[in-house]
Amino acid sequence: MHFTIIGIDDNRHQEFPSRIREILASHAIYSGGKRHHDIVREWLPANHQWIDITASLHEVFRQYEQHRDIVVFASGDPLFYGFANTIRKRLPDACVRLFPAFNSLQTLAHRLLLPYHDMHVVSLTGRPWHEFDRALIEGREKIGILTDRQHTPDTIASRMIDYGYDNYEMHVGEELGNEETETVRTLPIGEATTTAFRSPNCLILQRTKIKPRPFGIPESEFELLDGRVNMITKMPVRLLTLSRLDLHQRHTFWDIGFCTGSVSIEAKLQFPHLHVVAFEQRPEGADLIRANAARFGTPGITALVGDFTRLDLADLPAPDAVFIGGHGGKMDEIIRRVNEHLLPGGIIVFNSVSAESRELFARGIERHGLTLADSHRLTVDNHNPIEIMKAQKQ
């Protein structure tokens, strides 16, 4: 199969060079989105066949397989989060010829006269929030964002405000390339939350000031469970616990018995690449972790309330790091369930406050075929010693 992929912008009066005009005149099968068809229809032969690129890509590629030579129109640079990557992934043996245009973020930067060599790019087009959340926590100076109809500039701004990221201004380009309707606007984040934007659009966030990113949050700054200061992992213990989990090399972290959410929040703040899933049996934990995550700027933590041993875990990403912050007398059951999902090489850390809990953890680890590694004892102020125990799955 042969594909010729042509990048275009939203200009309703495209001016193609002679080489592309020859291609358009000599083919019969064309494809792209409905918007692309509206833009290029006048350039195509009267009897042309058009294959709409829709959400059902299986049907699109089924139609492609019926033809040998197809011209595909795509937005901007088809290799920049674009459809050329999809074709190469699904049809690796296909011959692909590419005629790119500027992508939308390049065009927006050009309109703003904004250098973009140092811009961090995030695509939210059909994708979850994770990489955007990561960029915010990392404090990237410039963030270019590809949007969709769910991740619009106003919903992006609302998420930023919810988690305290008002330290950016937002540049939004709408219908870039369309000489009649193109607009470029610069707004404060707060104003963007209540502004309507036309599609298609993209945006660039430009940092106006640095948001502090603490390393080690004092427990006094968290909203506590009924004000009980003993129901939170103390800051020195929390940091040593995270170090034992080796999180800079991990991908998915489960926090079992999150209570205030301090361990999950500290993990997300220091290791924003992590997918964090937090579990708590007490219903009030949901409001606590939501409030504390907003306070410390850590979007993206998945919080689940209920008995961990009975929750449906099938749809969750498998962890390679787990912290057991509370076991409620079900240590063996918790270790068994964790072991069912823990990836090879994964780590479990448990903070023991008594000889009894230390023995429970050690027995459970041995029973379920994991290896108990070294442990560290730590005493904070006048509190009882904490033994930080680490186990690993082979």
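These numbers come from the heavy atoms of this one structure, side chains and all, not from hydrogens, waters or symmetry mates. Because the structure is a prediction, the values reported are computed rather than measured. Residues: numbered from 1 along the sequence shown.
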Please name all residues satisfying side chain to side chain contact (heavy atoms under 4.5 Å, CB included) with [X], sequence neighbours left out, ordered by chain then number.
X	result
Glu174	Val172, Thr183, Arg185, Phe197, Arg198, Asn201
Glu223	Leu288, Ala291, Asn292, Arg295
Pro115	His117, Lys142
Gln270	Phe215, Glu266

Presence of salt bridge, [Y] and [X], under 4.0 angstrom:
X	Y	value
Lys330	Asp307	yes
Lys393	Asp320	no
Glu366	Arg363	no
Glu219	Lys234	no
Glu340	Arg336	yes
Arg159	Asp162	no
Arg250	Asp246	yes
Arg134	Glu138	yes

Measure across [X] and [Y] and return the closest heavy-atom pair with its distance rounded to 0.1 Å.
X	Y	value
Thr298	Ile137	CA-CD1, 4.2 Å
Gln49	Ile29	OE1-CD1, 3.4 Å
Ile23	His27	O-ND1, 2.8 Å

Among all residues two or more places apart in sequence or in another chain, which pass the ring-ring contact (aromatic ring centres under 6.0 Å, His included) test with [X]?
X	result
Tyr165	none
Phe102	His110
Phe323	none
Trp43	Phe16

**Request:** Any pair with a residue in residues 279-318 that passes ring-ring contact (aromatic ring centres under 6.0 Å, His included), sequence neighbours left out, goes on the list, sorted by first then second residue, please.
**Result:**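 Residue pairs passing ring-ring contact (aromatic ring centres under 6.0 Å, His included), neighbours aside: Phe222-Phe296, Trp254-Phe279, Phe279-Phe308.
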**Request:** Could you check Glu65 against Arg62 for salt bridge (Lys or Arg N to Asp or Glu O under 4.0 Å), going step by step and ending with a plain yes or no?
**Result:** CA-CA 5 Å; Glu65 289 170 359; Arg62 189 194 64 77; over 6 Å; no
**Request:** Assess the pair His48 and His37: is the distance between their ring centroids shorter than 6.0 Å?
**Result:**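 Yes: the rings meet the under 6.0 Å criterion.
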**Request:** For this output row, return yes or no: ring centroids of His130 and His275 closer than 6.0 angstrom.
**Result:**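 Aromatic pair counts; centres sit under 6.0 Å.
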**Item:** Face-on cation placement of Arg90 at Phe61 ring, 6.0 Å and 45° thresholds
**Value:** yes
**Item:** side chain to side chain donor-acceptor pair (under 3.5 Å) evaluation trace for Ser375 with Glu387
**Value:** CA-CA 7 Å; Ser375 61; Glu387 188 154 351; 2.9 Å; yes
**Donor-acceptor contact below 3.5 Å, side chain Ser264 vs main chain Gly261** =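 It does not hold such a pair.
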**Item:** Linked hydrophobic residues, Leu176 as query - side chain contacts closer than 4.5 Å
**Value:**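 Taking Ile, Leu, Val, Met, Phe, Trp and Tyr as members, Leu176 shares its hydrophobic cluster with Phe80, Tyr81, Leu105, Leu108, Leu112, Leu114, Tyr116, Met119, Val121, Leu146, Val184, Ile204.
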May I have the list of side-chain donor-acceptor pairs in residues 3-10 shorter than 3.5 Å, sequence neighbours left out?
| from | atom 1 | to | atom 2 | distance (Å) |
| --- | --- | --- | --- | --- |
| Thr4 | OG1 | Arg97 | NE | 3.4 |
| Thr4 | OG1 | Arg97 | NH2 | 3.0 |
| Asp9 | OD1 | Asn11 | N | 2.9 |
| Asp9 | OD1 | Gln14 | NE2 | 2.9 |
| Asp10 | OD1 | Arg35 | NH1 | 2.3 |

**Request:** Using the test side-chain hydrogen bond (donor to acceptor under 3.5 Å, both in side chains), find all partners of His67 that sit at least two apart in sequence or belong to another chain.
**Result:** none
**Prompt:** Hey, are the side chains of Phe258 and Ile265 touching, using non-hydrogen atoms and a 4.5 Å cut-off?
**Reply:** no
